[in-house]
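Notes for the one structure printed next.
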Amino acid sequence: MKSYVLDTNVFLADPLAIYSFPGSNVLIPDTVLSELDRLKTSKMDKRLRFRGREVSRILFGLSERGMLMEGIPIDDGSTVRVVALDSSTSIPPVLNPKNTDDRILAVAHQEAESGTDVTLVTNDLNMLLKAQTLDLPVVRYGEDDERGFGSRMLQTVKRNRAVVAAVVVGIAALVLALYALRVTTERNNAQPSAFPGEGTSSFQTQEFAYQQALGRNPRDFSALTGLANLYFDAGKTSGSSTRFEQATQYYRRALQIQSDNADVRTDLAISYFYLGDVDQAIAEAKASLKHNPKHPLTHYNLGVFYWKGKKDAVNAVREFEAAIRDDKVGQVASQSRELLQEIRVQQRQGGK
């Protein structure tokens with residue numbers, strides 16, 4: 001089996017990274033866990049702190065099945081194992097065992113020396129260059145993703161601009177409270193229609209039930225979408241960006257199972273819009289339409305993203321008209337007609 005050693009920054013880009021290497025050995029240096037643990041109490045951006053906690057939660061769930069140091073199988077045919085640096089083995093002189101990055105490289109080198117077919121996965125340029133000097137195969141995480149790592153990381157950087165993000169998230173939340181339509185949760189029988197208030201026993205019971213289901217089967221689609229919907233509604237009620245971050249993580253994980261599910265991808269797009277990431281919201285909506293070009297709810301929300309997020313009347317009108325054409329007399333068509341009327345009124349008044 002192919003083995004992949006994951007750097008800390010891989011988990012900060014995607015807490016669900018361990019599920020991205022089906023049929024492989026996923027190796028996590030113990031140094032990575034130490035760095036993630038320190039991150040919890042650091043003054044770093046709260047989204048990164050959240051991702052660090054999410055990784056810990058996932059690994060803690062896996063530990064209930066066995067010993068992480070011995071390796072735990074997951075449902076995609078992979079095995080996840082935490083690896084410590086063996087102090088009795090020699091490491092290349094260019095590596096300093098007191099340096100965290102070098103310790104991660106040393107673990108990868110240690111695995112390679114034992115005969116393992118190992119590849120280091122990192123998004124750090126310095127580590128990539130040093131790995132190459134050690135003749136270690138190395139790849140960037142997400143480079144095979146349809147948007148590419150560079151695009152995803154750029155969006156992450158943009159969202160981390162604290163002042164701008166706070167303003168944009170507030171605007172986006174107001175807009176979506178007025179305009180956005182979501183897929184009903186009854187669609188996948190994952191969650192009752194009435195949202196239980198966050199902090200209530202009902203909310204906590206549902207959250208615990210979904211987490212338990214995922215502990216038994218990390219690819220339980222109903223549990224993944226149910227948990228994502230639960231966090232989405234919590235975010236919409238409280239205005240918490242952290243809840244929307246959680247929702248996006250679980251929607252993405254569900255899409256790893258059903259990549260062509262237009263409903264889930266549309267909900268993911270709306271979540272990004274709530275986070276103020278209009279470009280990513282548009283990209284996800286377009287991806288949804290590639291699989292289902294006549295999905296009225298996606299057309300409607302893409303129209304909202306263009307009109308309310310970009311002030312792009314031309315593309316917004318096109319999407320609203322598509323939603324009406326595909327929905328005809330339903331709620332989506334009705335909402336689309338209302339926004340088309342709003343656009344026309346503003347245009348008559350000299351608006352763009």
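Between Tyr251 and the choices Thr225, Asn229, Thr266, the side-chain hydrogen bond (donor to acceptor under 3.5 Å, both in side chains) rule is met once, by Asn229.
Between Val264 and Gln258, the closest side-chain pair of non-hydrogen atoms is not below 4.5 Å. When side chains are defined from C-beta on, Gln341 does not count as touching Arg337, because their heavy atoms never get closer than 4.5 Å. The shortest side-chain heavy-atom distance between Leu33 and Val82 falls under the 4.5 Å cut-off. A heavy-atom distance below 4.5 Å is not found between the side chains of Tyr272 and Ile282. In this structure, the side chains of Ile257 and Leu224 come closer than 4.5 Å at one or more pairs of heavy atoms. In this structure, the side chains of Gln249 and Asp14 come closer than 4.5 Å at one or more pairs of heavy atoms. A 4.5 Å side-chain heavy-atom check between Val32 and Val10 finds every atom pair outside the cut-off. In this structure, Glu284 and Arg252 have side chains that are in contact, with non-hydrogen atoms separated by less than 4.5 Å.
The structure places CG of Asn9 at 5.0 Å from CG of Asn123, a figure rounded to the nearest 0.5 Å. How far CG of Leu120 is from CG of Leu128: 8.0 Å, rounded to the nearest 0.5 Å. One finds the CG atom of Leu95 at 5.0 Å from the CG atom of Leu134 (value rounded to the nearest 0.5 Å). Note that the NZ atom of Lys98 and the CG atom of Asp102 stand 12.5 Å from one another [nearest 0.5 Å]. Separation of atoms CG (Leu230) and CZ (Arg243) is listed at 7.5 Å; rounding is to 0.5 Å. Distance check: His109 NE2 to Ser114 OG gives 10.5 Å after rounding to the nearest 0.5 Å.
Side chain of Ser259 to main chain of Gln256: no donor-acceptor pair is present (N/O by atom type, distance under 3.5 Å, no hydrogens or angles). Although no hydrogens or angles enter the test, the distance criterion places a donor-acceptor pair under 3.5 Å between the side chain of Arg51 and the main chain of Leu12. Between the side chain of Arg65 and the backbone N or O of Pro73, at least one donor-acceptor pair lies under 3.5 Å. Side-chain atoms of Asn292 never come within 3.5 Å of backbone atoms of Ala262 as a donor-acceptor pair (strictly under, hydrogens ignored). Put simply, the side chain of His295 never gets that close to the backbone of Asp326: no donor and acceptor are under 3.5 Å apart.
Under a hydrophobic-cluster definition in which Ile, Leu, Val, Met, Phe, Trp and Tyr are linked whenever side-chain heavy atoms come within less than 4.5 Å, directly or via other members, Leu105 and Leu129 are assigned to the same cluster. Residues Val94 and Met127 share a hydrophobic cluster, clusters being chains of Ile/Leu/Val/Met/Phe/Trp/Tyr side chains in contact below 4.5 Å. Linking ILVMFWY side-chain heavy atoms closer than 4.5 Å, directly or via other members, places Val314 and Tyr306 in two distinct hydrophobic clusters. Side-chain heavy atoms closer than 4.5 Å link hydrophobic residues (I, L, V, M, F, W, Y) into clusters, and following such links, possibly through other members, connects Met69 to Val55.
Residue Pro15 comes nearest to Ile58 through the heavy atom pair O-CD1, 3.5 Å, listed as atom of the first residue, atom of the second, then distance. Nearest heavy atoms, Asp220 versus Leu214: O-CD2, 3.9 Å. Nearest heavy atoms, Asp30 versus Leu85: OD1-N, 4.3 Å. Of all the heavy atoms in Leu59 and Leu68, the pair that sits closest is O-CD1, 3.8 Å. Summarising the geometry of Ser78 relative to Val26, their closest heavy-atom pair is CB-CG2, 4.4 Å, with the distance given to 0.1 Å. Nearest heavy-atom pair across Ala323 and Ser336 is CB-OG, 3.4 Å.
The closest side-chain donor-acceptor pair between Tyr231 and Glu207 falls under 3.5 angstrom. Side-chain contact, Tyr4 with Ser20: no donor N or O sits under 3.5 Å from an acceptor N or O. Between the side chains of Ser3 and Thr116, no donor-acceptor pair of N or O atoms lies under 3.5 Å.
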Kindly determine whether Ile343 and Val317 satisfy side chain to side chain contact (heavy atoms under 4.5 Å, CB included), including the steps that lead there.
-> CA-CA 8 Å; Ile343 292 174; Val317 167; 4.0 Å; yes
Passes ring-ring contact (aromatic ring centres under 6.0 Å, His included), Phe232 versus Phe244? Steps please.
-> CA-CA 6 Å; Phe232 181 103; Phe244 286 115; 5.4 Å; yes
Step-by-step side chain to side chain contact (heavy atoms under 4.5 Å, CB included) determination, Val121 to Phe21 = CA-CA 11 Å; Val121 185; Phe21 306 91; 4.1 Å; yes
Tell me, with the steps shown, if Glu319 and Phe305 meet side chain to side chain contact (heavy atoms under 4.5 Å, CB included).
-> CA-CA 10 Å; Glu319 297 302 328; Phe305 302 156; over 6 Å; no
Trace of the side chain to side chain contact (heavy atoms under 4.5 Å, CB included) decision for Leu27 with Val107 | CA-CA 9 Å; Leu27 308 179; Val107 166; 5.9 Å; no
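Judged by the 6.0 Å and 45° rule, Lys310 forms no cation-pi pair with Trp307.
Residue Lys2 places its NZ atom among more than 12 non-hydrogen atoms of other residues, nucleotides or ligands, all under 6.0 Å distant.
Between Glu54 and Arg57 there is a salt bridge, since a side-chain N of the basic residue sits under 4.0 Å from a carboxylate O of the acidic one. Arg103 and Glu35 are not joined by a salt bridge, as no carboxylate oxygen comes within less than 4.0 angstrom of a charged side-chain nitrogen.
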